[in-house]
Amino acid sequence: MSDVALGVDVGTSYTKAAAVREDGSVASMHRVASPQIGDGGGLAESYRWWRTVGTVIAEALCALASGQDRLVSLCISAVTPMLTVFDAAFPEHSLSIPYWSVAVMEDGSSPPQSDRRLTDRRLVVLKDAARREKFASPCITDLVGYLNFCLTGELTINSISLAEMGMVAGAVDCETLSVGDRIAPRLVAAGRKMGETSDWSARELGVNAGISVCGGCPDTMGSVVGAGLRGAAESMLYLGTFGTLLSLEADVDIILDAPRLSSHPFRWSLSVPGLGPELELLSHEWFGAGNVATGLQMLDSAASKSEPGASGSLFLLPRWKDGMNTVGAFSFVPGGDGQVGDVARRSRAVLESLGYAILVIAGQLTEPLKVSGGGARSTPWLATLSTVLGLEIHSQDLCWEAAGTADIAARLVWKDRRTRNWHIARADTRSDRNNIHENLCRARALYQMKGWI
């Protein structure tokens with residue numbers, strides 16, 4: 001019989017589960033669509049996420065060898081900040097405030113998510129909701145903490161989520177999450193054991209009671225571990241719902257094991273909202289309705305038929321600037337011949353676009369770049385980005401956030417990091433650096449002219 005550690009990631013678009021064995025191999029992986037939340041803000045019913053987590057865990061466990069694999073540890077990551085208020089007496093009575101809600105201050109400014117003022121404003125909204133709904137035992141934590149409460153009956157919040165919300169005073173900040181001075185969550189390290197599955201959650205999920213549960217973490221940390229980052233100052237490119245470039249402010253093990261973090265653990269250089277859905281939309285428009293994965297593969301195939309530089313065609317990207325203010329829009333720019341070009345040329349421009357945005361916004365990188373997210377499975381995309389950036393891109397097998405979260409769960413029972421096979425993407429041998437340089441100069445000029453940087 002083999003022991004497995006299970007990771008579940010609750011993302012904006014999908015909820016994913018991955019099971020890993022002691023040798024680091026991924027035993028099973030499954031995903032389902034996450035509950036949809038309107039862009040208009042407001043509060044969302046949190047219990048929907050618990051039901052979704054139950055579904056994806058059941059599917060992932062069904063894929064394991066019947067009677068030959070035993071679940072021994074579990075870790076949940078989720079989109080952050082997603083503060084949640086619920087009734088401990090009736091956990092199905094629960095409400096979450098999405099990270100895009102109450103994102104603008106009274107003066108019209110839109111500070112970054114790590115600004116404590118945003119957290120304080122959201123707490124007011126949640127405490128008012130608890131009183132309005134007449135919760136008998138109101139509790140506030142993040143979405144990970146709420147799901148962990150459903151798993152274990154323990155009210156906690158992990159150290160990374162707290163730091164990402166600009167709250168770095170530890171237990172003192174936890175007290176500010178209490179409603180009416182009643183119950184405050186206990187601060188726990190993301191990678192350390194915080195409890196065990198209860199009899200109730202075992203029945204709900206179809207697993208055994210007594211399975212070790214980690215403190216859990218934001219989905220960003222699942223991506224970091226899934227990408228294989230280890231040390232401070234290492235950089236990661238995330239290819240998913242967002243296109244994101246970030247670097248670590250401390251070693252991964254320190255971040256995971258710290259009972260309290262005194263500062264934000266990540267430094268963000270670029271965040272492109274809606275990149276993954278935009279690629280899916282374009283593949284649908286160009287290659288017809290059908291399976292999303294098939295459409296994206298056809299986009300990759302078309303892009304490989306175009307020369308690097310896409311004959312001068314560019315695809316400009318929006319980004320978050322100064323908090324959650326979105327500047328720019330997705331748009332094509334014709335090449336020197338005045339044409340955007342055929343599907344192959346446009347596809348190449350789309351896959352190159354994030355590389356130009358990185359060089360314009362973040363500057364030239366000097367070290368190989370590690371990558372995470374669903375887009376990391378696209379070999380043509382990674383090779384295209386390597387060509388534009390002029391450096392190697394390293395990806396692990398199955399580097400979804402859920403696999404990284406499973407690696408965190410694995411640390412509870414096997415103490416060290418799981419390792420998987422590495423793949424290296426290198427620049428296209430057809431690459432003419434003059435074409436890339438000319439495109440970069442044009443992209444920089446356009447971003448500046450439009451005031452997007």
Side-chain angles (χ1 to χ4, degrees), residues 13 237-245 270-320 326-362 369 371 373-390 393 395 425 427-428 430-432 435-444 446-447 450 452:
S13 300
L237 180 62
Y238 175 70
L239 302 174
T241 303
F242 287 76
T244 301
L245 179 68
L270 177 68
S271 187
V272 178
L275 180 63
E278 181 69 14
L279 265 66
E280 292 179 2
L281 175 64
L282 290 174
S283 68
H284 175 82
E285 291 178 355
W286 295 340
F287 307 110
N291 182 276
V292 169
T294 300
L296 292 174
Q297 289 170 0
M298 295 176 72
L299 188 149
D300 284 347
S301 177
S304 67
K305 296 180 174 67
S306 176
E307 296 289 328
S311 301
S313 294
L314 291 171
F315 188 57
L316 302 184
L317 305 179
R319 71 183 186 96
W320 276 353
T326 301
V327 294
F330 294 105
S331 61
F332 281 103
V333 177
D337 59 2
Q339 302 294 318
V340 172
D342 59 13
V343 169
R345 188 163 141 185
R346 281 177 283 167
S347 297
R348 182 81 192 196
V350 166
L351 295 191
E352 290 181 342
S353 60
L354 188 57
Y356 292 121
I358 289 171
L359 293 172
V360 170
I361 306 300
L369 189 60
V371 66
R377 293 172 295 170
S378 169
T379 301
W381 195 5
L382 300 188
T384 298
L385 290 171
S386 176
T387 301
V388 173
L389 294 172
I393 295 181
S395 61
D428 195 317
R430 299 173 296 166
S431 174
D432 183 340
N435 290 340
I436 300 298
H437 179 71
E438 290 174 5
N439 272 12
L440 173 59
C441 291
R442 291 179 64 228
R444 182 177 289 114
L446 287 166
Y447 279 109
K450 294 173 178 289
W452 293 0

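All values below come from the heavy atoms of this structure, side chains included, with hydrogens, waters and symmetry mates left out.
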With heavy-atom distances below 4.5 Å as the criterion, would you say the side chains of [X] and [Y] are in contact?
X	Y	answer
T294	F287	no
T241	P277	yes
T326	P273	yes
L314	F332	no
L237	I358	yes

Which distance, rounded to the nearest 0.5 Å, do you find between the [atom1] of [X] and the [atom2] of [Y]?
X	Y	atom1	atom2	value
L275	L239	CG	CG	7.5 Å
L369	S395	CG	OG	10.5 Å
L354	W381	CG	CH2	6.5 Å
N439	S311	CG	OG	9.0 Å
N435	H437	CG	NE2	11.5 Å
W452	L446	CH2	CG	8.5 Å

Can you give me the closest heavy-atom contact between [X] and [Y], atom names plus distance?
X	Y	result
L245	A362	CD2-CB, 3.9 Å
A425	A383	CB-N, 3.9 Å
S386	I393	N-CD1, 3.6 Å
I436	G309	CD1-N, 4.0 Å
V388	L359	O-CD1, 3.6 Å
P308	T387	CB-CG2, 4.2 Å

Practice task
Under the side-chain contact (heavy atoms from CB on, under 4.5 Å) rule, collect the residues that match up with T384, sequence neighbours excluded.
Solution key: R348, L351, E352
Side chain [X], main chain [Y], donor-acceptor under 3.5 Å:
X	Y	result
Y447	L317	yes
S304	S301	yes
R345	Q339	yes

Handout entry: Steps toward side-chain contact (heavy atoms from CB on, under 4.5 Å) verdict (R319, V327)
Key = CA-CA 6 Å; R319 71 183 186 96; V327 294; 3.8 Å; yes
Practice task
Using the test salt bridge (Lys or Arg N to Asp or Glu O under 4.0 Å), find all partners of E307 that sit at least two apart in sequence or belong to another chain.
Solution key: R430
Exercise for the section: Please determine if K305 and D342 form a salt bridge, counting it only when a charged side-chain N lies under 4.0 Å from a carboxylate O. Expected result: no
Problem - F315 and F330 aromatic ring geometry - parallel, tilted or perpendicular at 30°/60° bounds - result: parallel
Check: residues 278-286 side-chain donor-acceptor pairs under 3.5 Å, at least two apart:
residue, atom, partner, partner atom, Å
S283, OG, L279, O, 3.4
S283, OG, E280, O, 2.8

